[in-house]
Structures are given as C-alpha cells and as structure tokens.
Amino acid sequence: MISNIDKSEAIPMLFIPSVEQTAMKTLKKEYALYIHIPYCEKKCHFCSIPVTRFTDEMVLDRYVDALLYELKYKEEFLKKNTLIGIHIGGGTPSVLSVLQIKRLFDFITEMFGKELPEVVFEANPASLTKEKIDVLSQYYNVTLNLGVQTFNSQRLQEINRMNDVEAIKECLRYAMQKENLHVGIDLIVGLPNSKIIDFDNDIKIVRELGIKNIFIYSYRLEEKSFFYNYFDKKKCFLQNDMIRKMEYAEERIKNFGYIAKSIYYWSIEKDSLYRYTSHQMNGGEWVGIGDGAYSYLEHSVMHNNFIGRNYQKYLNEIKQNQIFAQNVTSQMICKKRCF
C-alpha cells in the first residue's frame with residue numbers, strides 16, 4: 001500500500017499504516033493529542049513542511065477559534081479514553097500572541113483538568129518573548145522546547161533563522177529560571193557547510209547554560225525544502241559523512257553524562273519528558289487537531305485535509321460535522337462523521 005501513496009504528500013517516517021480506515025472509530029486505552037499551528041514568520045531553508053507565513057494577528061485569532069471548536073466537537077470522544085500527553089507543534093506555535101496562548105491553554109485545562117499530563121510547546125527563539133514564557137510557566141507540567149538547531153551564528157543565518165546567539169542564550173536562561181517549566185532544545189547535526197567540530201561548540205554552550213534535555217537530529221535533505229534545489233546533492237550530502245558526524249555527536253554527548261532516552265532524545269534528568277514523542281515512537285495512537293494535522297488510529301493514518309483553504313471555511317465544516325479525513329493508507333477521502 002505504501003508504494004501507491006502520492007509522493008507529493010509529505011508523510012512522517014513513523015507512519016507504517018497497514019489497515020484501511022476511513023473514519024476515526026474506537027481508540028485504545030491510551031492516546032496522545034497533537035495540536036498543529038501551521039504558521040511561521042519565515043520558512044527555514046531546511047524545512048519541507050507546508051506552512052503559511054504569519055502576517056495578520058486576526059488570522060491567528062480565527063485559527064485559534066477553529067482549534068477550540070474542533071477540540072470541543074471531539075471532547076466526548078477524547079474524554080472517554082486516557083490522555084497521556086499533548087504536543088503543540090507546527091509550524092511555529094510561538095507566533096501565537098500571549099492572549100492566544102492563554103486562550104488555548106485555558107481551554108485545554110478546562111477540558112482535561114488543571115493537573116494535565118505533559119504539554120510540550122514548540123518555540124522559535126525569534127518569536128518567544130519573556131511575556132509568553134511567563135504565561136506558559138503558569139500552567140501545570142509544561143515542557144518548552146526551543147528549536148535552537150545550532151549556536152553557530154553563521155549556520156543560523158544560512159538556514160534563514162535568527163542568528164543572534166546571545167539573544168537565544170538569554171531566552172533560554174529566562175525560561176530555565178522558571179520553576180514550573182521544563183525546558184529542552186533541538187540541535188541539528190550535519191547542516192550544510194557545517195564541520196564536525198561545530199557540535200563541540202554547541203555542546204559547550206549547552207553545558208554552560210545547564211540544559212538538561214536535548215533532541216539531536218541528523219540533517220536530512222528534504223525534497224520540498226529550499227536547500228533541495230540549491231545544493232549539489234551528490235557532492236554535499238554524503239551518507240558516510242553524515243553518519244560520521246552523528247556518531248561523533250552521540251559519543252560526545254554520552255561523555256558528558258547524557259543518557260539516550262530515545263533515538264533522538266538525550267537527557268541528564270531522571271524522569272523522561274516528551275511523552276507524546278515517546279508514545280508515538282512506540283506505536284501508540286494519537287489524535288491530530290488543526291489544519292494539516294495527522295492522526296494515527298486503528299493502524300491507519302489520517303490527515304486533516306484543510307491545507308490551502310480558508311480557515312473560516314475550515315471552521316464552518318467542523319460546525320456542519322463535515323470532518324474530511326484523508327486516509328494516507330488508501331488515499332481515500334472520507335466525508336463521514338468521525339465521532
């Protein structure tokens with residue numbers, strides 16, 4: 001079945017669907033919740049994910065309206081089962097304003113209770129203000145994950161991200177002083193033009209700041225990214241070179257006492273964070289909320305097929321119980337009620 005999938009669709013690597021399913025039916029005992037924010041201030045040159053450039057606060061207001069309505073619409077279904085974790089990703093969730101973040105978290109807290117399972121909130125240092133950190137720290141069991149990618153200013157500029165390394169450090173210091181907030185970062189090994197020694201500088205700063213949780217990813221050249229058409233793929237991205245850089249990074253971080261909690265996640269904390277990611281990697285089911293979000297239920301992958309549409313139309317379709325779930329396994333479009 002996988003061979004029949006339209007190659008233009010970006011399908012996560014973890015998806016290995018085997019059973020046709022065109023409507024969300026019965027969840028297992030435990031599930032995770034993913035909330036998608038498909039907006040960015042600008043797109044990173046390594047990224048292939050479909051996103052919309054954030055230009056208008058009112059658009060985000062309407063999108064949050066739609067998210068809350070979709071959550072409310074699925075509330076009965078979600079509350080019948082055990083929620084093990086929430087992940088708010090994108091895109092860039094930190095483009096949401098302070099009030100929009102508060103609306104979303106207040107709604108989640110009201111739905112599932114104040115003592116939530118872990119809520120991971122992804123952020124870009126460029127759009128993460130102290131006021132937003134303050135709001136996030138007011139809620140129970142929140143993990144703030146910053147997409148740092150590297151502390152090398154030149155590499156950051158080349159991938160089209162904010163390259164003020166001191167500002168990134170200050171953002172991390174401020175977040176880490178919050179008692180109620182867990183903090184982690186993403187690092188990418190093998191970015192274009194990078195050298196193997198670049199990771200030494202990254203891990204040096206990680207240790208100086210006292211960062212306890214790190215996701216380390218190997219760079220992958222994605223077909224729909226800016227870099228895909230910019231570089232000579234045969235010369236610039238040799239597999240053996242990438243493996244060598246990743247092995248070097250893993251050996252270095254192990255030497256400093258970090259333990260591999262999963263294939264990407266390293267920590268010096270006793271308890272593991274990122275429950276959504278762990279649940280997903282272990283084959284657990286999850287429900288995706290929002291434009292472009294994926295769900296995995298009953299061995300089948302489904303896709304909220306709203307990308308490119310007007311979000312007011314998205315909201316109206318939810319109100320009319322017309323949730324379109326694209327089954328990636330079978331490439332069928334479902335026009336049935338999902339709940």
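Note that the structure is a prediction, hence the values are computed from the model and not measured.
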Counting C-beta onward and ignoring hydrogens, is there a side-chain heavy-atom pair between [X] and [Y] closer than 4.5 Å?
X	Y	answer
V51	Y39	no
V206	Y258	yes
L172	I185	yes
V183	I211	no
M246	I216	yes
L83	F112	yes

Tell me if the aromatic rings of Y230 and F226 count as close, with their centers under 6.0 Å from one another.
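Yes.
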Hey, would you say the Y139 and F105 ring centroids sit under 6.0 Å apart?
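Centroid separation for Y139 and F105: below 6.0 Å.
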For K204, what residues pass the side-chain contact (heavy atoms from CB on, under 4.5 Å) criterion, not counting sequence neighbours?
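Partners of K204 by the side-chain contact (heavy atoms from CB on, under 4.5 Å) criterion, ordered by chain and then number, come out as E208.
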With sequence neighbours excluded, tell me which residues meet side-chain contact (heavy atoms from CB on, under 4.5 Å) with A260.
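Counting only residues at least two positions away or on another chain, A260 forms a side-chain contact (heavy atoms from CB on, under 4.5 Å) with W266.
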Taking the basic N atoms (NZ, or NE/NH1/NH2) and the acidic carboxylate oxygens, is any pair closer than 4.0 Å for [X] and [Y]?
X	Y	result
R244	D241	yes
K254	E250	no
R173	E170	yes

Mind telling me whether [Y] and [X] have parallel, tilted or perpendicular rings, with 30° and 60° as the class edges?
X	Y	value
Y219	F46	perpendicular
H299	Y296	perpendicular
H87	Y34	parallel

Approximate separation, where rounding is to 0.5 Å, of [X] [atom1] and [Y] [atom2]:
X	Y	atom1	atom2	result
L191	Y217	CG	OH	13.5 Å
K74	L33	NZ	CG	9.0 Å
M58	L60	CE	CG	11.5 Å
F199	E251	CZ	CD	11.5 Å

Contacts of E122 that satisfy salt bridge (charged side-chain N to carboxylate O under 4.0 Å, His left out) - sequence neighbours left out:
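None.
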Excluding sequence neighbours, so at least two apart, what forms salt bridge (charged side-chain N to carboxylate O under 4.0 Å, His left out) with D200?
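With sequence neighbours excluded, D200 shows a salt bridge (charged side-chain N to carboxylate O under 4.0 Å, His left out) to R252, given in chain and number order.
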Of the non-hydrogen atoms in [X] and [Y], which two are nearest, and what is the gap between them?
X	Y	value
R161	C44	NH1-SG, 3.0 Å
H36	Y63	O-OH, 2.6 Å
A249	V189	CB-CG2, 3.7 Å
L67	I37	CD1-CD1, 3.7 Å
L146	C171	CD2-SG, 3.8 Å
F107	L68	CZ-O, 3.4 Å

Quick one: do L181 and Y174 satisfy side chain to side chain contact (heavy atoms under 4.5 Å, CB included)? Show the steps, please.
CA-CA 11 Å; L181 200 61; Y174 188 80; over 6 Å; no
Sequence neighbours excluded, which residues qualify as side-chain hydrogen bond (donor to acceptor under 3.5 Å, both in side chains) partners of [X]?
X	answer
E75	K72, K79
N145	D186, Y274
T150	D202
E166	K169

Quick one, F215 with Y265, criterion ring pair (Phe, Tyr, Trp, His ring centres under 6.0 Å). Give me CA distance, side-chain angles, the key distance, then yes/no.
CA-CA 5 Å; F215 270 75; Y265 171 37; 5.2 Å; yes
Any donor-acceptor N or O pair under 3.5 Å, side chains E118, T143
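Present: a donor and an acceptor within the cut-off.
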Report the C-alpha distance between L156 and F151 in whole Å, list the side-chain angles of each, state the deciding distance to 0.1 Å, and finish with yes or no for side chain to side chain contact (heavy atoms under 4.5 Å, CB included).
CA-CA 8 Å; L156 287 169; F151 290 99; over 6 Å; no
Can you hop from [X] to [Y] via hydrophobic side chains spaced under 4.5 Å?
X	Y	result
Y140	L71	no
L273	I259	no
I133	V98	yes
I253	I243	no
I289	I84	no

Could you give all pairs that pass the salt bridge (charged side-chain N to carboxylate O under 4.0 Å, His left out) test and reach residues 128-154, with sequence neighbours left out?
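Qualifying pairs: D134-K178.
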Considering only residues two or more places apart or on different chains, which pairs with a residue in residues 31-56 satisfy salt bridge (charged side-chain N to carboxylate O under 4.0 Å, His left out)?
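Qualifying pairs: none.
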Residue pairs involving residues 94-105 (criterion side-chain hydrogen bond (donor to acceptor under 3.5 Å, both in side chains); sequence neighbours excluded)
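Qualifying pairs, neighbours excluded: E57-S97, E57-Q100, D61-Q100, D65-R103, S94-S127, S97-Q100, K102-D106.
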Spell out, as yes or no, whether a donor-acceptor pair under 3.5 Å connects the side chain of [X] to the backbone of [Y].
X	Y	answer
K245	S194	yes
N152	Q154	yes
D198	K195	yes

What do the steps show when you test E158 against N193 for side chain to side chain contact (heavy atoms under 4.5 Å, CB included), and what is the final call?
CA-CA 9 Å; E158 290 168 354; N193 300 323; 3.4 Å; yes
Before you tell me yes or no, could you show the steps for L96 and V64 under side chain to side chain contact (heavy atoms under 4.5 Å, CB included), namely the whole-Å CA-CA distance, both residues' side-chain angles and the distance that decides it to 0.1 Å?
CA-CA 9 Å; L96 296 177; V64 172; 4.0 Å; yes
Would E70 and N304 count as a side chain to side chain donor-acceptor pair (under 3.5 Å) here? Give the steps.
CA-CA 11 Å; E70 187 176 356; N304 278 10; 3.1 Å; yes
Shared-cluster residues of I196, by chain and number - hydrophobic side chains joined below 4.5 Å
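Noted: I196 shares its cluster with Y248.
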For N213 and E269: C-alpha separation, side-chain torsions, deciding distance, then whether side chain to side chain donor-acceptor pair (under 3.5 Å) applies.
CA-CA 8 Å; N213 301 284; E269 291 194 300; 3.0 Å; yes
